[in-house]
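For reference, the structure discussed in these notes is given below.
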Amino acid sequence: MTDPRDTLGFVRNCLVRHSAEQPEESVPAFDTAEARLVLICGDRIVLRGETALIAPAEAVGLEGGTRIFLGHRDGRPVFAAAAPAEAAERFAAAPTRTLDLRSIATESAVEAEELGLLAVAKSMLDWHARHGFCANCGTATVARAGGFRRECPSCSAHHFPRVDPVVIMLVRRGDTCLLGRGPHFRPHMYSCLAGFLEPGETIEDAVRREVFEETRIRVGAVTYRTSQPWPFPSSLMLGCAAEGLDAAIVTDPSELEDARWFTRTDVAAMLAGAHPEGIQAPPPMAIANYLMRAFVAGET
Ligand SMILES: [Zn+2]
């Protein structure tokens with residue numbers, strides 16, 4: 001089996017985070033020749049050729065909201081900023097263009113190490129856009145530490161960017177595995193079951209609870225396999241293999257449109273785009289694809 005980082009999106013990251021390299025309040029100058037900027041117009045990221053790291057001068061007059069200092073890449077300070085969706089028009093002509101992050105990942109529009117950096121930028125900007133007020137007292141908060149913290153001037157509370165852990169699991173029973181499709185999936189696609197962890201829950205218990213809630217299948221042993229940042233807006237996917245103890249599936253229609261046991265032959269055909277019923281797998285950049293490949297390889 002290959003290294004998951006060979007195919008998964010957002011797992012390689014060239015960013016040297018400033019939390020690791022210098023005092024948190026020290027932010028380099030933005031208006032310099034060496035600085036680089038990730039500019040997100042609405043939900044579209046500006047690309048110049050095969051990179052999303054543009055010169056700050058290209059964004060003059062467009063930035064709104066908080067400008068974040070992400071860290072360094074190749075010795076250059078890298079910032080992220082948001083602009084209104086209409087600003088994308090300025091970059092519509094070659095050599096620039098705009099593309100949403102999911103498409104950048106599936107099309108490999110930037111190199112894999114830069115994709116991880118873009119995940120940081122998108123999750124951070126989304127967090128700032130939705131957390132402008134203190135959760136403790138309701139006062140407008142102020143960005144600090146290059147944007148990696150917000151502080152409340154009224155009650156002094158500190159607020160930090162959130163990461164939402166999600167378990168995603170391939171449940172195996174004998175030579176079959178359990179895959180389902182949610183009502184929002186694209187037609188014919190089946191994938192691993194998944195769900196958010198709840199407070200006070202272990203990864204293993206979250207796997208068991210989610211699988212039982214969605215399919216009434218009880219789960220025995222759970223093994224952690226690998227993880228993937230999923231910046232829509234700020235999830236961390238925790239990929240697991242799990243042992244299914246029951247055969248009869250009873251789906252919860254509010255969660256799943258369908259769930260079935262698939263054979264290794266089925267899953268291999270899905271991954272190859274050659275399933276006789278036209279059933280498809282998620283793309284190689286997604287962790288479910290990796291777990292399904294591990295199942296076909298006999299590793300789960
Ligand atoms: Zn407050």
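Residue numbers run from 1 in the order of the sequence given. One-based numbering, in listed order, for ligands and for the atoms of each.
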Validation: residues 81-95 side-chain donor-acceptor distances under 3.5 Å, sequence neighbours left out:
unit_1, atom_1, unit_2, atom_2, d
Arg90, NH1, Glu58, O, 3.0
Arg90, NH1, Val60, O, 3.3
Arg90, NH2, Val60, O, 3.1

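Protein N/O/S atoms closer to the Zn ion (ligand 1) than 2.8 Å number 4 in this structure.
Between Glu257 and Arg181, at least one side-chain nitrogen of the basic residue sits less than 4.0 Å from a carboxylate oxygen of the acidic one, meeting the salt-bridge criterion. The pair Arg260-Glu277 meets the salt-bridge criterion, with a side-chain N (NZ, NE, NH1 or NH2) lying under 4.0 Å from an Asp/Glu carboxylate O.
Residues Leu179 and Asp266 form no side-chain contact, since every pair of their non-hydrogen atoms from C-beta on lies 4.5 Å or further apart. Counting heavy atoms from C-beta outward, Pro77 and Glu34 have side chains that approach closer than 4.5 Å.
With Cys240 as the fixed residue, the side-chain contact (heavy atoms from CB on, under 4.5 Å) test singles out one of Ile203, Ile168, Thr223: Ile203.
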